[in-house]
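Working notes, beginning with the structure itself.
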Amino acid sequence: MRALTALLVGLLAPFTIASPSVKRVFAPGPYRAATNIYEIPPCGSLAHVGSKIHVLAANGTVIHVATAGAPTVGQFKSAVSRDLMDGWVAFAYFLNPGFSLISSFTATWEVPPLPETDHGQTIFLFNAVQNYSNTILQPVLQYGPSVAGGGSFWAVASFFLDGVNTFHTPLVRTSPGATLNGALILTGSSSSESIFNYTSQFTNIPGTTLNTSVPALLNVAAATLEAYNITALSDYPAGATVFSGINVEFASGNTKPDVAWRPVADTADGLGSTVDKDGAVDAQITVKY
Ligand SMILES: *[C@@H]1O[C@H](CO)[C@@H](O)[C@H](O)[C@H]1NC(C)=O
Ligand SMILES: *[C@@H]1O[C@H](CO)[C@@H](O)[C@H](O)[C@H]1NC(C)=O
Ligand SMILES: *[C@@H]1O[C@H](CO)[C@@H](O)[C@H](O)[C@H]1NC(C)=O
Ligand SMILES: *[C@@H]1O[C@H](CO)[C@@H](O)[C@H](O)[C@H]1NC(C)=O
Ligand SMILES: *[C@@H]1O[C@H](CO)[C@@H](O)[C@H](O)[C@H]1NC(C)=O
């Protein structure tokens, strides 16, 4: 318990990839080596098998075998506030004590207007479940380029990152004003075998489902604005993004903790994160640009 209270929150980007010769690209999370990117085919899925992660086609055939990243006994980095910061720049999170499993985490938000200026920036907006810094599952709205593709438009995909590898569903274009329902669901678990099956998807957008088995609990929930290569505040969309209808459910039989969202933001850039309505039922978090 003491380790939990000692946690600091902030940027979840403690990874750097050692080799400067490796092409770096953006994925939600830290910079990634371009060699470890896997697109999951339509209706495909991921399975952790020992120290490997199998990418399965819809018919169950293994089409890629990736080596899983070593688990990081990670801690969050302290938040810093500075001009035009990269990474998680405005968010709110809930750290669930290990004794209860998050069985469902859903949130709704609207695709913002296009940013007024385009300097090659990348913007991600998502809800996510993660295990410290090395494993994260997230339905992501992105503007700009990422490992999944993209450009000067909004698009969505589900991502699973394990610190070494990035897996994603194909990008699906969307438009300002569209309503997104990001959902993370625990579909099965066996604590004795350390197997947790999760699904990430936009429930209202076909082709965004990512099923994966994970050998660790994903017990931190977050609603996040993450950005890279912002050179002017007009590279952000105008206004605010409201994550509403935030619902967190816990697996039955577990003690249910009180859910209190903790907001963090890079205020030096005028970004804001507020918890408008706290708790596990119909909560609301606003990220202001
Ligand atoms: C993902 O998992 C859900 C729940 O187990 C299942 O209904 C669905 O068919 C799976 N989808 C894929 C693409 O594997
Ligand atoms: C399963 O799907 C893969 C990838 O689409 C394909 O190459 C393979 O032929 C399929 N196998 C069977 C038995 O249908
Ligand atoms: C984005 O930022 C990275 C890291 O600072 C840099 O290497 C890259 O050239 C930038 N890309 C663009 C398009 O500005
Ligand atoms: C996790 O999903 C896999 C693939 O669908 C399935 O074989 C396995 O039984 C599931 N495990 C649990 C604990 O639900
Ligand atoms: C990370 O996974 C381990 C192993 O399942 C679990 O004991 C721990 O509570 C998880 N931590 C978080 C923050 O999810």
Side-chain angles (χ1 to χ4, degrees), residues 1-10 12 14 38-63 68-77 91 93-106 127-139 157-163 167-170 172 183-203 205-222 248-255 257 259-262:
M1 281 297 116
R2 267 168 67 204
L4 284 173
T5 55
L7 278 176
L8 291 175
V9 76
L12 303 183
Y38 302 92
E39 182 169 297
I40 300 165
C43 300
S45 59
L46 296 178
H48 278 70
V49 180
S51 61
K52 303 292 182 189
I53 301 176
H54 291 180
V55 181
L56 305 171
N59 63 15
T61 305
V62 178
I63 50 173
T72 308
V73 185
Q75 294 222 335
F76 296 118
K77 297 253 165 144
F91 60 101
Y93 76 100
F94 159 62
L95 173 62
N96 183 35
F99 50 75
S100 60
L101 276 68
I102 294 174
S103 60
S104 164
F105 170 31
T106 56
N127 59 331
V129 287
Q130 64 173 77
N131 186 296
Y132 297 118
S133 49
N134 66 326
T135 305
I136 184 165
L137 182 65
Q138 42 191 174
S158 283
F159 283 77
F160 176 73
L161 280 64
D162 81 342
F167 304 90
H168 65 87
T169 59
V172 179
L184 296 148
I185 312 286
L186 181 74
T187 55
S189 68
S190 164
S191 296
S192 58
E193 298 167 86
S194 259
I195 292 284
F196 304 94
N197 284 355
Y198 295 90
T199 294
S200 165
Q201 63 178 329
F202 288 101
T203 57
I205 304 180
T208 60
T209 300
L210 197 173
N211 284 357
T212 183
S213 68
V214 182
L217 277 175
L218 304 182
N219 252 354
V220 180
V248 185
E249 291 173 8
F250 299 90
S252 60
N254 289 301
T255 310
V259 172
W261 297 94
R262 301 189 214 177

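The shown structure was predicted, so the numbers you read here are calculated from the model rather than taken from an experiment. All ligand and atom numbering here is 1-based and tracks the order in the structure. Worth knowing before you read on, the calculation uses all heavy atoms, side chains too, and leaves out hydrogens, waters and symmetry mates.
- The Q130 neighbourhood of ligand 5 comprises atoms 14 (O), with distances under 4.0 Å to a heavy atom of that residue.
- Any N or O atom pair closer than 3.5 Å counts here, and A216 shares no such pair with ligand 5.
- Heavy-atom proximity to T199, at under 4.0 Å, picks out these atoms of ligand 1: 2 (O).
- Contact atoms of ligand 5 toward V220: 13 (C) (distance under 4.0 Å to a heavy atom of the residue).
- For S158 (side chain) and S200 (main-chain N/O), a donor-acceptor pair under 3.5 Å exists by modelled atom type.
- Note on ring orientation: taking the six-membered ring where Trp is involved, the planes of F160 and H48 are perpendicular (angle over 60°, cut-offs 30° and 60°).
- Residue S189 places a heavy atom less than 4.0 Å from ligand 4.
- Protein heavy atoms are absent from the 4.0 Å sphere centred on atom 7 (O) of ligand 1.
- Looking at T187 next to ligand 1, no N or O pair under 3.5 Å apart turns up.
- Interface atoms of ligand 5 facing N219, defined by a heavy-atom separation under 4.0 Å, are 12 (C), 14 (O).
- Shown here, atom 14 (O) of ligand 4 is in close reach of the protein: a heavy atom of it lies under 4.0 Å off.
- Residue, atom and distance of the protein heavy atom nearest to atom 1 (C) of ligand 1 are N211 ND2, 1.5 Å.
- In this structure, of V129, N131, L101, L95, the residue bringing a heavy atom nearest to atom 11 (N) of ligand 5 is N131.
- Close approach to G44 involves these atoms of ligand 1, each under 4.0 Å from a residue heavy atom: 13 (C).
- Counting the atoms of ligand 1 from 1 in the order shown, those under 4.0 Å from a heavy atom of C43 are 13 (C).
- Distances below 4.0 Å separate heavy atoms of G188 from the following atoms of ligand 4: 14 (O).
- Protein heavy atom nearest atom 10 (C) of ligand 4, with residue, atom name and distance: N197 ND2, 2.5 Å.
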